[in-house]
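What follows is a short report on a single structure.
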Amino acid sequence: MSIDRFELVKESFIKKAVPAECPEKKTSDYYGELVFDRSKMHKYLDAETLKALLECIDEGKALDRKTADGVAEGMKTWAMEHHVTHVTHWFQPLTEGTAEKHDSLIDYDGKGGVIETFDGKALAQQEPDASSFPSGGIRATLEARGYTAWDPPSPVFIEDDTLCIPTVFISYTGEALDYKTPLKRALKAVSDAAVPICKLFDPSVKKVLSYLGWEQEYFLVDEALYAARTDLMITGRTLMGHNSSKNQQLDDHYFGAIPSRVAAFMRDLEIAGHRLGIPIKTRHNEVAPNQFELAPIYGETNLANDQNQMVMNLMSKIARKHGFVVLLHEKPFEGVNGSGKHNNWSLGTDRGTQLLAPGKDAKGNLQFLTFFVNVLAAVQRHNGLLKASIASATNAHRLGANEAPPAIVSAFLGKTMTEVLHKLLELPSDTPIEIAGKKGKSVGLVEIPEIFVDNTDRNRTSPFAFTGNRFEFRAVGSSANCASAMTTLNAAVAEQLLEFKAALDVERSKGKKLQVAIMDTLKPIIASIIDVVCFDGNGYTEEWKKEAKRRGLDVEISVPEMIKTFTRPESVDMFLKTGVYTEKELEARNEVKWEIYSKKVQIEAKAMTRMAINHIIPAALEYKAKLLKEVALSKEVFGDIRANSTEISIIGDLTSLVTEVAAKAEAMKAASEKAEAIGNEYSKAVAFHKIADSLYDIRKPIDRLEELVDNKTWPLPKYRELLFIS
Ligand code: ADP
Ligand code: MG
């Protein structure tokens, strides 16, 4: 069967939008109808069960069997009203995406028939056949089985006919095998470390919450064209493809009108998200053609991360209804922007105070500065680790590629906060930190504008930017599980807050007033970060790479090396102190990361070799044969070939490019087989890292061939077709 590219293009081009299925209700009427949230708890649980469950959710108490049974009973009633037939534990293993194993609700009723059953045991715990999930040798060495256990703060939800129970996934010896477990530990660590500091300002604070607002970028491509691109199907990105004459030069896509087929997809996605209680808020075109973004209202980090996973699943499903495939890969197309997932992050107390927003008075500002400076100190100390937390084979194509943050983690503060920090260093420790404008013109005063969320200067080149009431961790990849970045960030901040509090206690024991003690503790920290991690310049430049190295920031660009940062003494120490990972977990997870890295590159190398041999070279030879025939014909008719210099020159180019592609494909295959035979996961990943670079090398002659070969003969949908049809 030969593929007629033009037929596919035509079919894609004339596809009409399928209208979204809009409910005839206001959003607020169906919002959250498919989650077992607090309102459902009140409706479906008896008073005693409700009270016990809320204690599990709000105070982290363990779920006892009696409560679990009561909750399961109420959930079952609710689920049956929504025609649910199956139940699954839903978890986030270290592979991409989420995992689920569905069980039907039926059981024998003892009278020859079946009934629907669902009890506390089924709710609380399940044993998936976990042996095929990556565990970095944890299970192999301990021969322990893994189990999943419900995480009560993550509400149960319904997807199609299935009741989904968000769970943690751990080994029988208690090691985390997933993303959620360490995230929950880090959230507890940051709360435990922050509360004693918050109590100095407001003794009623009991808990500090970490907030996450993710912005999900993605591409849409027509499914017919996608199906004709082996590389997209197998690896999620195009391994070859010549630039379209027009891509994003005109900046005409960003914030432009949303095409109707895409708009219908977005609407369906929003409705599905809203029914699941996901507060999807923003939708718009992104910089690259066919690239889009969606963002919810921020929420508590554990829940917000579940919701991001849910949305990624929904996107893939709903896109197909509209004849699209959604690409969550960080760099599906060379030469146009890649996709990230900015993680907007902040901390707040259970009393409603935002700890990374300027305060309403001098005292509030002091609290804000305390957290602001400590966050920066944590980011400085663990800049290499934070980078490692977002490093992956796929994100590596985006970082440092002059469109996304560089592979160096620094922090952008903006003019206002940079000036404030400098002033704090100069002025006496008892200078009140006023709200700007309150006391007239500032002489000898530290001032912070009360609200400056919207007037912070933006720096798109910084991987970690202060935006007025939060930090925006921009280096996270679009396909990533945010938990990796959020676990590391919250844990690092927790460690720093613990150290800060200890140092502060020493200052206070000298009889200093609170503000003076705080400022005396903060000043040396400010002095140590202001010219190191703080950087407001252009992160895309070569000078910055040199300067960052001079400042002692981590400038490593190889992913297998970055991964090693997790087991460096200072990282292990931090994770142990905060109770987020054990050393064994860190080692095991590194094995998993190297393994996944190697596999991804191996798959790309295989796909590349096969496409080169089976698609590209045959197309080039077909065209060459055509030209040769023409030349031979000329000779026959005119007796010489002098008039055929163009054909002859193209034949020469085709021959040398085909030879180059064939040789490079052969070499890559051999290198890949050699790398595959390496036993040590780290060394294997290092070998595959070299192969990842050679993928670019082989791509060059292929893209050149695409320019040269007759358009009719070229077998793969081209960039201009993939990127401009919607
Ligand atoms: P931009 O693209 O300009 O950064 P967006 O509106 O696309 O802005 O995304 C901003 C994200 O930041 C939203 O998800 C928003 O809810 C989130 N956000 C706002 N305030 C906070 C905060 N205090 N903590 C965490 N996330 C926040
Ligand atoms: Mg943003």
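Counting starts at 1 for both ligands and their atoms, in listed order. Heads up: numbering here begins at 1 and tracks the sequence. None of the values given here were measured: they were computed from a predicted structure.
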Subject >> Whether H342 lies under 4.0 Å from ligand 1, heavy atom >> reply: no
Original post:
Has the side chain of T578 got a donor or acceptor atom that lies under 3.5 Å from a matching backbone atom of M574?
Top reply: yes
Original post:
For ligand 1, which atoms have a heavy atom of I297 less than 4.0 angstrom away?
Top reply: 16 (O)
Original post:
Does the side chain of T238 pick up a donor-acceptor pair with the side chain of Y719 at under 3.5 Å?
Top reply: yes
Subject >> Residues that D178 engages under salt bridge (charged side-chain N to carboxylate O under 4.0 Å, His left out), provided they are two or more places apart >> reply: none
Original post:
Does an N or O from E215, backbone or side chain, lie closer than 3.5 Å to an N or O of ligand 1?
Top reply: yes
Original post:
Can you check whether H284 has an N/O within less than 3.5 Å of an N/O in ligand 1?
Top reply: no
Original post:
Would you say R267 has more than 12 foreign heavy atoms packed within less than 6.0 Å of its CZ?
Top reply: yes
Original post:
For ligand 1, which atoms have a heavy atom of Q354 less than 4.0 angstrom away?
Top reply: 23 (N)
Original post:
Given A295, P279, P296, A465, which one has a non-hydrogen atom that is nearest to atom 15 (C) of ligand 1?
Top reply: P296
**OP:** Decide whether an N or O pair under 3.5 Å exists between Y298 and ligand 1.
**Re:** yes
**OP:** Find all atoms of ligand 1 within a distance of less than 4.0 Å from any non-hydrogen atom belonging to E293, and give their numbers and elements.
**Re:** 7 (O)
Original post:
Under 4.0 Å between a Lys/Arg side-chain N and an Asp/Glu carboxylate O for K207 and D58?
Top reply: no
Original post:
Does some non-hydrogen atom of E472 fall short of 4.0 Å from ligand 1?
Top reply: yes
Subject >> Salt bridge E159-K317, side-chain N to carboxylate O under 4.0 Å >> reply: yes
Subject >> salt bridge (charged side-chain N to carboxylate O under 4.0 Å, His left out) against K40, all qualifying residues, sequence neighbours excluded >> reply: D37
